[in-house]
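Since the structure comes first, as structure tokens, the remarks are kept for the end.
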2 protein chains.
Amino acid sequence: MAERKRQLVSNELTEAALQLLATKGFDAVTIDEIATAAGVSKRTFFRYFASKEDVVVQFLAGMGADIRAELASRPAGERPSVALRYAVGVPLTTCSDHGDRALRVVRLILRTPALHARFLEHQARWRDDLAAELADRLDLDPGTDFYPRLAAGMALNAFDAVLHRWSGGDRPEDPTGLTDRAFAVIAPALDAT
Amino acid sequence: MAERKRQLVSNELTEAALQLLATKGFDAVTIDEIATAAGVSKRTFFRYFASKEDVVVQFLAGMGADIRAELASRPAGERPSVALRYAVGVPLTTCSDHGDRALRVVRLILRTPALHARFLEHQARWRDDLAAELADRLDLDPGTDFYPRLAAGMALNAFDAVLHRWSGGDRPEDPTGLTDRAFAVIAPALDAT
DNA sequence: ACGCTCGTGTCACTCGGTGTCAAGGCGCTA
DNA sequence: TAGCGCCTTGACACCGAGTGACACGAGCGT
């Protein structure tokens, strides 16, 4: 019941933030504006989000675990290129499901340096997660073998490229085909003996 | 002659900054401290560097062009895995040449979130540069073909992994061998038909 | 009605970063 | 040598992000 209210305020904040940021640009909007638009004080904003960037990017936090979980749930014998393709497909289909809401957010992130930087930080964490899972899956030592980290990096590279293409075009094409094409490029390295 | 002085002040600033940041940590040092340690005012600091991060990371600015130039200078028929290996080798040998000075800087960057984020931003620009050069070299259309961007990404991924391993170990092993091993992993995708 | 806790607003403060302006060094020319 | 611009610097004021401290009020159990 108190949790409900927390969630409600949080949504109010993100809603107000996304609306303001998308129209006026990241730097032109102050936290005070966002907070008052959501009907709370600046101090309360920072009780919900650690920074101005977080209000946009925070939803990425859980996705690292999602990707890793998907990879962990793939059948043991599956080729890495396929397993990783599906792992990375999770956030991608989440995006394309949310319609142009997600599109606007992605565009905002990719074209705002401060947000893009945060995004890249998240991705670096995802990569480490994925690499650990991959090392586990293939029984490799991540301390000596470059494969896990590089494979995870390649997969996220493909993810990035797809996201870029998807958000960059005039109108979004379906990410599924894009993802398949991107993974076709990296698969030879992913599946090398 | 005025240029000399500019360079001198700049060096003084970076020197003071690196010394303070390495010992006290990034967040525990204020710009005022750095500036007064270098004998100038805070305002002057910002006439030389755009931000607190820049004083550490600014030397990365030119390296994107260096990498691209090296790639451009590789023989036309050379396999991408080899050409990219040498392109990425440029900053790596620069690092290992500068002894543990560079080591300390790299460690500081990789373990400080704010600096790491800036580093990743630079790398994203490098990737776009490399991708453009690669598309040019192989006569591909970067608007439709995923290969240039992904290949550039893979090469920088290898760069990253090597840097991480190099700075992470107790004492640095030679980056050359590391780089070869990393490129051996990604080469199958780089050189696929 | 009494306390308790928890979320919130207010205030004061630090620090990164920027605009403005006045003061001083330096080369140029008369 | 005196005077005139140019450019660098420092001083100051200012804004916005982020944090700590504290007091207020709502909800709740007794």
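Proteins come first, then strands; the chains are lettered A, B, ... in the order of their sequence lines, and each starts at number 1.
Looking at R47(A), its side chain has no donor and acceptor atom pair within 3.5 Å of the base of dG18(D). With hydrogens and angles left out, the side chain of R43(A) and the base of dG18(D) share no donor-acceptor pair within 3.5 Å. Side-chain to base pairing of K42(B) with dG17(C): one donor and one acceptor N or O lie within less than 3.5 Å of each other.
Separating the CG atom of D32(A) from the P atom of dG9(C) is a distance of 12 Å, rounded to the nearest angstrom. Taking atom NZ on K52(B) and atom C1' on dG17(C), their separation rounds to 12 Å, with Å as the unit. For L8(A) and dT8(C), the CG to C1' distance is 15 Å, given to the nearest whole Å. In this structure, F46(A) places its CZ atom 18 Å from P of dT14(C), rounding to the nearest Å. Following rounding to the nearest Å, E33(B) (CD) and dC15(C) (P) show an atom-to-atom distance of 8 Å. Taking atom CD of E53(B) as the reference point, atom P of dC15(C) lies 16 Å away to the nearest angstrom. Here dG7(C) presents its C1' atom at 7 Å from NZ of K5(A), a figure rounded to the nearest Å. Here the P atom of nucleotide dT19(D) and the CZ atom of F45(A) are 11 Å apart, to the nearest Å.
With F26(A) as the fixed residue, the side chain to side chain contact (heavy atoms under 4.5 Å, CB included) test singles out one of L20(A), T112(A), I109(A): T112(A).
A salt bridge links E33(B) and K24(B); the closest N-O separation between the charged side-chain nitrogens and carboxylate oxygens is under 4.0 Å. Taking a cutoff of 4.0 Å between a charged side-chain nitrogen and a carboxylate oxygen, E70(A) and R74(A) qualify as a salt bridge. In summary, D160(B) and R127(A) engage in a salt bridge, as defined by a charged side-chain N under 4.0 Å from a carboxylate O.
Looking at the side chain of I31(B), the nearest of the listed nucleotides dG9(C), dG17(C), dG18(D) is dG17(C). For S41(A), the listed nucleotide lying nearest its side chain is dT10(C); candidates were dT10(C), dG17(C), dT9(D).
The phosphate of dG7(C) (OP1 or OP2) has no side-chain N or O of Y48(A) nearer than 4.0 angstrom.
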Check the pair R165(A) / F146(B) against side chain to side chain contact (heavy atoms under 4.5 Å, CB included), numbers first and verdict last.
-> CA-CA 9 Å; R165(A) 181 81 48 98; F146(B) 274 117; 3.8 Å; yes
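Judged purely by distance below 3.5 Å, without hydrogens or angles, the side chains of T30(B) and D32(B) never pair a donor atom with an acceptor atom.
Listed for the T93(B) side chain is a donor-acceptor partner under 3.5 Å among the backbone atoms of G89(B).
Annotation: the terminal axes of the helix from dA1(C)-dT30(D) to dA30(C)-dT1(D) meet at 10°, where each axis is the rotation carrying the C1' atoms of four end pairs onto the next four (5 pairs per end, rounded to 10°).
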